[in-house]
S.K.: 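I am attaching a structure below and will ask some questions about it afterwards.
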Amino acid sequence: MPIFTQPHQVNMEELNNLASYLGVSSGKLVLDAKEQIPVLKAGNGLTVRGLVSVAKQLVRQSETPELKGTTAEERAAIDQWLEYRVVQVDRSLQEKDVSSVLRDTNAYLSHHVYFVGYQPTLADIILYLGLYRIFEDLTFMEKQKYVHVCRWFSNMQSLFANKMSKKHIAFQRNKIFSGTGH
Amino acid sequence: MKLYTDRGNFKSLKVIAALEFTGLSYSLTECGLEERVVPYLSGTSLPVLEVSPQRFLFSPNTATRYILNKKCDEDDPNIDKWLEWESVQLQPYLVRYLVSVLVHKKPDTESLNRLQQLLKFLNAELKSKSLTKTKDCAADFVLWASLFPVFKGAAEIKGWEGQYSNIKSWFNTINNLPCCQTALDKVIHGGDTTCLKASLNTQPVPLLETETRQEEPVQKSKPQKVKMEKPSETPTPEESLLTKEASPEEIQAAKESWLTGKSKFPKPRERKHPILPKSGERNLLITSALPYVNNVPHLGNIIGCVLSADVFSRYCRLRNFNCLYICGTDEYGTATETKAIEEGVTPREICDKYNKIHAEIYDWFNISFDKFSRTSIPEQTKIAQDIFWKLEKNGFISRDSVEQLQCQQCLRFLADRFVEGTCPLCGFDDARGDQCDGCGKLLNAIELKDPKCKVCKGIPQVKSSNHLFLDLPKIEDKLKAHLNAQFDKGIWTNNARVITNSWIRDGLKPRCISRDLKWGIPVPLEGYQDKVFYVWFDAPIGYISATASYTDRWEQWWKNPKQVELYNFLGKDNVPFHSVIFPCSLLGADDNFTVVNHMSATEYLNYEDTKFSKSRGTGVFGHQAKDTGIPADIFRFYLLFVRPESQDSSFSWDDFQLKNNSELLNNLGNFINRALMFVSNSFGGQIQEMTLTPADFHLLALVNRELASYIDNMEQIKLRDSIRNILSISRLGNQYMQANKPWVLVKGSESDKRRAGTVVSLSANLATLLSVLVQPYMPAVSDTIQGQLRTPPQCNVIYKEFVCQLPPGHKIGKPSPLFEKIETPKIQELKKKFEGKPAPQKNASKASAGNPEETQKLTDEVAAQGNLVRELKAKKAEKAVVTEEVAKLLALKKKLADLMGEPAPAGGKQNSKLAKKESKKPEVSSSGTTANGAVDNQEVERLTEAVSKQGLLVRDLKSQKAEKSRIDSEVAVLLDLKRKLAVAQGQDPEALTGGKGKKGKKK
């Protein structure tokens, strides 16, 4: 397996990017050195720990709180995909785990445009950032195999890549491999 | 709301507690351990909350919070924080700890340490007595549910109450809530947390931040599901295995077994036939599904049963288990009888011919049956009739009449395949009784218009015929009791469980066990004596008769369920016959029969990107493998490497080449050859004194870990995984050589030289271990290695630890390379050779290119010769004469077929059939293909759209769990559309639908 950048380094960078995208200050965002967990001191004695909790708190403080969902159903759906990012995507370092992440998100997105609802939410942003390292390493053949999640990713990067200082990843427009059965 | 959960899943506690707390109405659905509920998740993930139809919350934490928010909405960042802490930090170690205690009975100290740290943190955070400002919030239920199993019952962390007083008071408050007690009642009955074991063992263990799973010591690792069977995953060669950590205990154990293990090493057991069960031992009866006699098995058939069972039984022998491996050809039934009529010989002669072909193929593949029998032996008749009488006596045989066609001239009822006529659905006038070649639909023989007897062309009449039925519903309870016990303790592949369960869930119906045929076991019951048993009633009895032909004390194996474990190896298409019908026969006979305990069913093996096809000559068939010039062991290795264990996999020549060159040649072969060459060239072929350093013992510890995993995988019949253990050991060996560089040492000082001696002698011992481990997979290669090493015969036992087998002073033989490189041109050649004809329908255009006069002439000749043969047969002429004329007829037919560009036919009335095929052509062109075979793009587009639309409809119906009949009819429409699409694209529709449609032509 290729050696990936340690996930927590990415976490800090992406949270800072997210904060600037949302137009909120991330001044009190630090890394708990021992546990390697991002910690946000949000004022009023509130301290939030963990990528998902910090990201949600940043959204809460921003002018677009609807990104974390408006109805209870939406919020729950977004929450579970956020959890999926930290327990599944970030921890899939082996090929077979990576494959199952790709397969499952691909299957889900074969019937959905976004992870939740009809417009991008925090779930899309956080999963886009989390899946980035996996997509960087995909071959074109694999991209053709996971066509739905690639379509989604390509859509997401057109929305967020520049704002989140991510390089664009190339996707093919046509099927270029025959006989792979997909 | 609907909650799906498996039994005893502690993660359901929180969700149920929340549901009870809010008082919302919900239903609880208990599903199987590995059942998939969420359609887009490929792995198991329970519990799942279905919020509204088809909307799932697969995260129990989110579900819990969602439920509570229904009652009292919150958006508290502190709850975010605790839920994230629980899922990211606590769960991975908590689950590992629970698995180690409840499943492996060996507490994992590392997980426990991490848990203690986390509890300490929680305790400090709880000094304000509550997790958040909200009382009884999601964080409370989520943490309570996770901590319950480590605070109460079998896996309790001793002394936690004293250590974590803040947690204690918080926990007790939550624990005493009535909703939590209700949840406990539903999940952990009576507070005994050992009932969580099965679920813990099945649900995926949460991933760790930096963990790579293979690094876990074996005793901790739970069986991993192979999620993706990619044929070509190449290991990164740079990855260093030697740097993996080993615990001091592991190193100590490795040291001891190396130094003193040989005294404990068991002696190989001598196998004296006949092998019979012995009390107090593991007695394994291993069967491979009986191949049907009149087909030449292809590589998929071979890996599906005989080869898999062979590897397992060779492994068992090396473990000194008392085991018997039996198989044979399945010979009775319509197919044989039809084929015999076509070839103008008796069924017995057909069977003799093909039984020999089978035996030769398995012999070449080095399949080590203890007995390869056949079902057409007297023992079979005796035992089958005996079982039948017992079933009859116990009241499990019922009688019913069935409408069937009877030929007035042949004076017999016609099996479906023996009837021809006009299809009632599409009007195609050459349909067979079981299926129409025109539209591909399955038919009932009595539905045919203008039915004709295939043999004499007489007109059959509908008559009712009395038949015997095995009354499965009456035996169902016995079967369920047996299966439930076996599912619990036996090794059953997932597909075997799923298929069996779905059969039982759909309700068992009486099954007809008699047929109006001649070639079979006569039904002994009065009034039914002109009938024979249905081939699937008698085929599995072949296992018993094979054992009976092996030893007259066969009842020690077959009427001994207490002492004998029965292992069935088979392809998944045979599962219901082995797990439902045959067990029902045996249980119904109530004669203390040994009934299946373990079942390993494989999925399908494809060939390149298509299916194996006899008629098109696609793929490698048993007898052709020999002609490739590649040794049987290489085929064995590759087939086992891609064994379709949990998903269909495929045989690919490119991958075959890659695996041979990278794994066998560069890894395994390279290591063994290198080690032996050093011993031979630098040390005169003599094993040297070995003074092992701590680094060497570290290597031994890593080898022992692979060895334990190899044994574990074999016990679970994960044959693919055990190969990987072997390859890891030789990879370790290669890296060990590379790290120690004996070629440098040997030129150095005296002590350097001694070190070189140790390194290469240890490597030679490692080669000895490999030669034993590789034996089930590649027996001939194993022999070669052992010949080169001159290993003592006593080493041929698989023991749980690596011990020194070649002592200092042992002289080895002459090393030579074990494997040959397979070059690309060779692979290209083989690929082309076995590619087969692309699509049979193209033949039609060829026919028009042929000389029509010549065709006509030959057609007439064939007809004339055919008449002659029929006359001779009718007159009961001498056999030799008939055979000679038949041979002439066949030669003529072949000539004709060549001219028409057709595969050689073997059966009768070619002339009429060809004419019909010509007349059928316009019908094909109407659905997309124009007369010259060009593709009509518009039509293709239209059909593609229709297929995808229909596909969606079917998926939706399935997910809504619509009525089965409704789904079936929509699936039929879908298949039909796909077939049309394939035709329109100029492809062979048969490739899609698995051998429907073109079969008639073959005969």
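These figures come from a predicted structure and were not determined experimentally. Naming convention: chains lettered A, B, ... in sequence-line order (proteins, then strands); numbering from 1 in each chain. Values reported hereafter were calculated over all heavy atoms of this structure, with side chains retained and with hydrogens, waters and symmetry mates removed.
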S.K.: Decide yes or no for B/Leu83 and A/Glu83: does some side-chain heavy atom of the first lie under 4.5 Å from some side-chain heavy atom of the second?
M.R.: no

S.K.: Between the side chains of B/Ser42 and A/Asp104, is a donor N or O closer than 3.5 angstrom to an acceptor N or O?
M.R.: yes

S.K.: What part of B/Gln117 gets within 4.5 angstrom of chain A, counting heavy atoms only: side chain, backbone, both, or neither?
M.R.: neither

S.K.: With distance as the sole test, does A/Gln80 use its side chain to make a donor-acceptor pair with the main-chain N or O of B/Phe58 at under 3.5 Å?
M.R.: yes

S.K.: How long is the gap from CD1 on B/Ile79 to OG on A/Ser53, to the nearest 0.5 Å?
M.R.: 11.0 Å

S.K.: Restricting to non-hydrogen atoms, name the atom on A/Ala76 and the atom on B/Thr62 that form the minimum distance, rounded to 0.1 Å.
M.R.: O-CG2, 2.9 Å

S.K.: Given that the side chain runs from C-beta out, which part of B/Phe56 has a heavy atom under 4.5 Å from chain A: side chain, backbone, both or neither?
M.R.: backbone

S.K.: Can you confirm whether B/Asn78 sits close enough to A/Leu46 that some side-chain heavy atom of one is under 4.5 Å from a side-chain heavy atom of the other?
M.R.: yes

S.K.: To the closest 0.5 Å, what do you measure between CG (A/Leu109) and OH (B/Tyr40)?
M.R.: 10.0 Å

S.K.: So which heavy atom on A/Arg60 is nearest to which on B/Asp80, and how close?
M.R.: NH2-OD2, 2.9 Å

S.K.: Side-chain donor-acceptor pair under 3.5 Å between A/Glu73 and B/Tyr66, yes or no?
M.R.: yes

S.K.: Taking B/Pro206's backbone N and O only, do any of them form a donor-acceptor pair with A/Arg91's side chain (distance below 3.5 Å, no angle check)?
M.R.: no

S.K.: To the nearest 0.5 Å, what is the distance between OG on B/Ser45 and CD on A/Gln88?
M.R.: 8.5 Å

S.K.: Heavy-atom distances under 4.5 Å only: say whether A/Leu51 touches chain B with side chain, backbone, both or neither.
M.R.: both

S.K.: Please classify the contact between A/Thr105 and chain B as side chain, backbone, both or neither, with a heavy-atom cut-off of under 4.5 Å.
M.R.: neither

S.K.: Just so I know, are the side chains of A/Val52 and B/Lys81 near enough to count as touching, which here means a heavy-atom distance under 4.5 Å?
M.R.: no

S.K.: With heavy-atom distances below 4.5 Å as the criterion, would you say the side chains of A/Lys68 and B/Asp75 are in contact?
M.R.: yes

S.K.: Counting C-beta onward and ignoring hydrogens, is there a side-chain heavy-atom pair between B/Leu207 and A/Val87 closer than 4.5 Å?
M.R.: no

S.K.: What I want to find out is whether B/Glu84 reaches A/Lys56 closely enough, with some N-O distance under 4.0 Å, to be called a salt bridge.
M.R.: no

